[in-house]
Amino acid sequence: MRVLYGGGRFMHKKKTDPERIVILTEGTRGHYHQVLGIARWLERLCGAELCEMEVPLFSGLKRFRILKMQALHLASASVEECQAWLKAAGFAVEEHADILADGKETLFLSAGSSAAPFCLALARVCNGRSAVTMTPSVLGTDPFDFAIVPAHDHPAPADNLLITLGAPNHIYGPELQALGETFFASLKPFPAKVIALLLGGGDANYEITTAWVRAVLPALCEEAEKQGAALLVTTSRRTGAEVDQAVDSVLGHSPATRYLLLASRSAENPVPAMLGTATHVLVTEDSVSMASEAATAGFRVGLLRVGRKKTPMAEVRNLSGGGAARFDAFFAAMADKGLVEDLGTTPDFAAFLAPAACRTDVPFNEAKRAAEWILSRWS
C-alpha cells in the first residue's frame, strides 16, 4: 500500500464521513485518473487519508478463470468466501493488515473490470464500502455501494448509481497554472495564444491514420504560424508509433511547435501542465477522457473528427445506439452546454483561434460531483 496524502486540507469531516480512501489500480492510466480525481475530492472535502494498492494482473485463460468465472459469485459471497477468492487471486490480505486492524471507515474505489472484483471483495473483508467507476463486465454495478457511470454507457437508474456526463478526472483548476509554469519553464516565454493539441488513437470505433494526420494537421500548423501562436502537442498510447511518426513529420519542424511529446517514445503525462498553459484546446473525438479533462479545466473544447471504423461489428454497435453513436450523443450534450465546439471533418482553425482564448464559465467537474454524492449518502 502507498499512502498518497495524509488528509485534512479542507477538513469538513462529519462523524460518519469516510476516514480512508483506498484506490485499487490495475495499471490503466485513464482508469486511474478517473478514480484519483474522485478520491482527491473526497480528501479535500472531508480530510480522508488517501492510499492506493495495485491489484494482481492476469492474461489469457487465467484472467478469464479468475476475474470472470470465479468472480461471478462475489456479488453474494460471504466474508470467508471473499477471503478465499482474494487468496486464490494472489492478493495477500495480510500484507495490508494496517487497513484491517485500525477500524477506520474505509472506501475502496476502483475503475475498470480488472480491479472491480478486488474492490468488492476487500470491502466485504474489511467491513468497508465499495465504489466503482464504469460498469464491470461481469459483476455489473448492483453489488457495489456506489457506482459512478457515464451517461454514454446508458446505465439503468438505480439507488446506488450516479450518472455522469463524461468521465470524472484528476484535473484540479487551482493547481494547473503552477503546473504549467514549472513544467514549461525552460520553454517560456510563450506568445499570447497557446494551443494544446491532444491526440488520441484507434479503438473499436475510431481510427487516426497517417492520412488523417497529413490531411488535417498541416492546416493547423499553418494557422498557428500565421497567428504567431505556440503549439503544445501530445499523443496517447493508442496513437501508435506509425501515426506518431507522421505527427512528428508534420509538426516537428514547425516554429510554432514549442512542445511535442509522442507517447510511443515517452510515458510522461503533460496534459495537466498543457491545460494550465493553453488558451485554446483541441481534442480528437475518440477520447471522452481528454475532452472531459479539458472541459473540467474551463475550456470550450475544439473537437476534431477522425476516421470511423467500418467493420460489421462497428456498424452493429452504431445501429444499436452503441459504438461511435453513443459518443456522438455525449459530445452533442457537451456542445449544448457550451463545453464543446464541433469543428467537423474539415476544421476552420482560423475561426476557432480568432478569439484571444476559447474558455467557458460553465462549471463542469464530475469528480467533485461524484465525491459530494458519495459523502451525501455516507451514514
Side-chain angles (χ1 to χ4, degrees), residues 171 176-177 179-201 208-266 268-287 290-291 293-295 297-306 340-359:
I171 296 301
L176 295 181
Q177 185 175 355
L179 285 171
E181 290 287 346
T182 301
F183 193 91
F184 294 116
S186 63
L187 301 180
K188 289 182 175 285
F190 285 132
K193 290 183 182 179
V194 180
I195 307 158
L197 173 61
L198 311 180
L199 297 170
I208 297 181
T209 63
T210 57
W212 181 89
V213 169
R214 296 190 177 105
V216 175
L217 296 191
L220 171 61
C221 190
E222 180 181 346
E223 191 60 35
E225 292 176 8
K226 181 179 178 181
Q227 297 201 25
L231 274 171
L232 310 178
V233 184
T234 187
T235 63
S236 78
R237 283 181 286 186
R238 290 185 294 107
T239 311
E242 183 179 6
V243 178
D244 271 357
Q245 182 58 46
V247 173
D248 192 17
S249 68
V250 172
L251 301 179
H253 303 292
S254 169
T257 303
R258 302 287 291 275
Y259 177 81
L260 174 59
L261 183 139
L262 302 174
S264 62
R265 304 175 191 176
S266 173
E268 192 167 23
N269 178 26
V271 172
M274 291 169 68
L275 296 177
T277 305
T279 57
H280 299 72
V281 178
L282 295 162
V283 179
T284 52
E285 66 172 314
D286 59 280
S287 184
M290 289 194 298
E293 288 175 350
F299 289 94
R300 188 172 80 255
V301 184
L303 188 69
L304 299 177
R305 296 295 184 174
V306 297
V340 160
E341 183 175 336
D342 188 348
L343 303 185
T345 56
T346 54
D348 185 345
F349 291 116
F352 179 72
L353 297 175
C358 195
R359 303 189 68 91

Separation between OG of S264 and CZ of R238, rounded to the nearest 0.5 Å:
14.0 Å
Minimum side-chain heavy-atom gap D248-R265 below 4.5 Å
yes
Any heavy-atom pair between the side chains of L232 and F183 that's under 4.5 Å?
no
Of all residues at least two apart in sequence or in a different chain, which pass the salt bridge (Lys or Arg N to Asp or Glu O under 4.0 Å) check with D244?
none
Has R359 got a side-chain atom pairing as donor or acceptor with A297's backbone, closer than 3.5 angstrom?
yes
Does the side chain of L262 come within less than 4.5 Å of T239's, by heavy atoms?
no
Residues that P255 engages under side chain to side chain contact (heavy atoms under 4.5 Å, CB included), provided they are two or more places apart
E225
Passing candidate, side-chain contact (heavy atoms from CB on, under 4.5 Å) with L198, options L304, V301, T235, V283:
V283
Nearest atoms (heavy-atom pairs only) where E285 meets V306:
OE2-N, 2.8 Å
Above 12 or not: heavy atoms from other molecules or residues under 6.0 Å from CD of E268?
yes
Which residue pairs satisfy the side-chain hydrogen bond (donor to acceptor under 3.5 Å, both in side chains) criterion with at least one member in residues 185-199, sequence neighbours excluded?
K193-Q227
E223: which residues meet the salt bridge (Lys or Arg N to Asp or Glu O under 4.0 Å) condition with it, sequence neighbours left out?
none
Contacts table for residues 348-358: side-chain donor-acceptor under 3.5 angstrom, sequence neighbours left out:
from	atom 1	to	atom 2	distance (Å)
D348	OD1	A350	N	3.3
D348	OD1	A351	N	3.1

Hey, could you give me the CD1/CE distance between I195 and M274, rounded to the nearest 0.5 Å?
11.0 Å
List for me each residue that meets side chain to side chain contact (heavy atoms under 4.5 Å, CB included) alongside D342, sequence neighbours excluded, and say none if there are none.
L303, R305
Heavy atoms, side chains only, cut-off 4.5 Å: are W212 and T284 in contact?
yes
What closest approach, in Å, do L179 and P272 show between heavy atoms, and which atom pair accounts for it?
CD1-CB, 3.9 Å
Within the 4.5 Å heavy-atom criterion, are E181 and Q177 side-chain neighbours or not?
yes
Check: R258 side chain, L187 main-chain N or O, donor-acceptor pair, under 3.5 Å
yes
Which atom names give the shortest non-hydrogen contact between G201 and S236, and what distance separates them?
N-OG, 4.1 Å
Any donor-acceptor N/O pair, T257 side chain to L251 backbone, under 3.5 Å
yes
Point-to-point distance, once rounded to the nearest 0.5 Å, from CE of M290 to CG of L282
11.0 Å
One should read off an interatomic distance between N269 CG and T234 OG1, to the nearest 0.5 angstrom, of 7.5 Å
Scanning both residues in full, the closest heavy-atom pair of A278 with F299 reads O-CZ, 3.4 Å
I208 CD1 to D286 CG distance, which is reported to the nearest 0.5 Å:
4.5 Å
Nearest atoms (heavy-atom pairs only) where L261 meets S266:
CD1-OG, 3.7 Å
What heavy-atom pair brings A224 and A256 nearest, and what distance separates the two atoms?
CB-CB, 3.9 Å
Would you check if the side chain of T210 reaches a backbone N or O of V243 as a donor-acceptor pair within less than 3.5 Å?
no
For the residue pair L231 and L220, establish whether any side-chain heavy-atom pair is separated by less than 4.5 Å.
yes
